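Just follow the structure's listing: the first ligand is 1, and inside any ligand the first atom is 1. Predicted model, so just to flag it, every value in this text is computed and none were measured.
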Amino acid sequence: MPVLVITGTGTEVGKTVVTAAVAATALAAGRSVAVLKAAQTGVRPDEPGDTEEVARLAGAVTAAELARYPDPLAPATAARRAGRAPVRPHDVAETAAKLATEHDLVLVEGAGGLLVRFDEDGGTLADAAALLSAPVLVVAAAGLGTLNVTELTIRELRSRGLDPAGVVIGSWPAEADLAARCNVRDLPEVTGVPLLGAVPAGAACLPPAGFRASAPRWLAPRLDGTWDVAEFRGREAG
Ligand SMILES: Nc1ncnc2c1ncn2[C@@H]1O[C@H](COP(=O)(O)OP(=O)(O)OP(=O)(O)O)[C@@H](O)[C@H]1O
Ligand SMILES: C[C@H](N)[C@H](N)CCCCCC(=O)O
Ligand SMILES: [Mg+2]
């Protein structure tokens, strides 16, 4: 199934920008793309959410969002405070699977990091990925502190029998400091998965045409327009 789940080592690491870069790259190669935000928190009904941001940057994607809660909190907490039903992993998997029947690629963005809870039973994006048997891309920060949380995230994926597709740095600084430069080598080493790309800081402020033109260069060849989850898995194993 052409579903890629996109998580991060936390909130604000650049999941949305990386989702847009992957979408733009696939669109440029003629693929149809759907983007599903499992649950959007901290955004009012009249404000653009993450899927609108992906569409603005990447272009003609099908955008879907299962629920929106106003408080800028974990979805389970925001749903509880709003007195509304939560989004459950099964809902995420079901919608992603349906989108996958109609698109070449479905990108599912979580909220915050991997274990952020969606419902009162402790359901997370990892449970949705398991239901979908989908690979999971981890967006990470560039600098000091990223080694620990990225390794923890990849370990958690592996402990659940999930397939960690690789790591992408969400915001690569114009002037990389010593830690960021060393992390390019150390991230693959500590996680055992490839570093698949890095989106430059400020990319989200580019005019959309510039974002779309540049996006394929930010991602490693296996994230190019020939993206294919099955092929990708094969290459990772090799
Ligand atoms: N490469 C980048 N270029 C420009 N802005 C960026 C970049 N990466 C992140 N940002 C900015 O940092 C903030 C957080 O990024 P983003 O929204 O992608 O995070 P996120 O991981 O998707 O967070 P959430 O958990 O809320 O979904 C946003 O304001 C975004 O515009
Ligand atoms: C509001 C924010 N931008 C995200 N949508 C939700 C982040 C939840 C993080 C919860 C946590 O890990 O403590
Ligand atoms: Mg986001």
*Side chain, backbone, both or neither: which part of Q40 comes within less than 4.0 Å of ligand 1 when only heavy atoms are counted?*
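For Q40, no heavy atom sits under 4.0 Å from ligand 1.
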_Residue portion contacting ligand 1 (non-hydrogen atoms closer than 4.0 Å) for D50_ =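 It is the side chain that gets close, since no backbone atom is under 4.0 Å.
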Ligand-side contact atoms (ligand 2) for residue partner [X], heavy atom cut-off under 4.0 Å:
X   : answer
T11 : 2 (C), 3 (N), 4 (C), 7 (C)
A74 : 8 (C)
P72 : 1 (C)

*Is the Mg ion (ligand 3) under 2.8 Å from any N, O or S atom of E109?*
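Checking the Mg ion (ligand 3) against E109, an N, O or S atom does fall under 2.8 Å.
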*Is any N, O or S atom of T19 under 2.8 Å away from the Mg ion (ligand 3)?*
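Here the distance criterion (N, O or S atom, under 2.8 Å) is not met by T19, so no.
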*Any donor-acceptor pair under 3.5 Å linking the side chain of D119 with the backbone of D121?*
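Flag set: sc D119 to bb D121 pair under 3.5 Å.
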*Without swapping roles, check the side chain of K15 against the backbone of G110 for a donor-acceptor pair under 3.5 Å.*
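Here the side-chain-to-backbone pair does not exist.
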_Is atom 28 (C) of ligand 1 touching the protein, meaning some protein heavy atom lies under 4.0 Å away?_
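Neighbour list for atom 28 (C) of ligand 1 is empty of protein heavy atoms (cut-off 4.0 Å).
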*Does G8 come within less than 4.0 angstrom of ligand 1, counting non-hydrogen atoms of the residue?*
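G8 does not count as a contact of ligand 1 under the 4.0 Å cut-off.
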*Heavy atom of E53, distance to ligand 1 below 4.0 Å*: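 Judged by the 4.0 Å heavy-atom criterion, E53 does not count as contacting ligand 1.
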*Could you check which of G14, P200, A204, P72 puts a non-hydrogen atom nearest to atom 1 (N) of ligand 1?*
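Result: the heavy atom closest to atom 1 (N) of ligand 1 is in P200.
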*Between V43, T41, T16, flag the one that comes closest to atom 6 (C) of ligand 2 by a heavy atom.*
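Among V43, T41, T16, the closest heavy atom to atom 6 (C) of ligand 2 comes from T41.
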*asked:* Regarding ligand 2, does Q40 bring an N or O atom to under 3.5 Å of one of the ligand's N or O atoms?
replied: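 There is no such contact.
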*asked:* Looking at R88 and E120, is any side-chain nitrogen of the basic one under 4.0 Å from a carboxylate oxygen of the acidic one?
replied: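 Yes, this pair counts.
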*Top protein contact for atom 12 (O) of ligand 2, by heavy-atom distance*: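 Result: V116 CG2, 3.6 Å.
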*asked:* Tell me whether T77 reaches ligand 2 (any heavy atom closer than 4.0 angstrom to a ligand atom).
replied: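 No.
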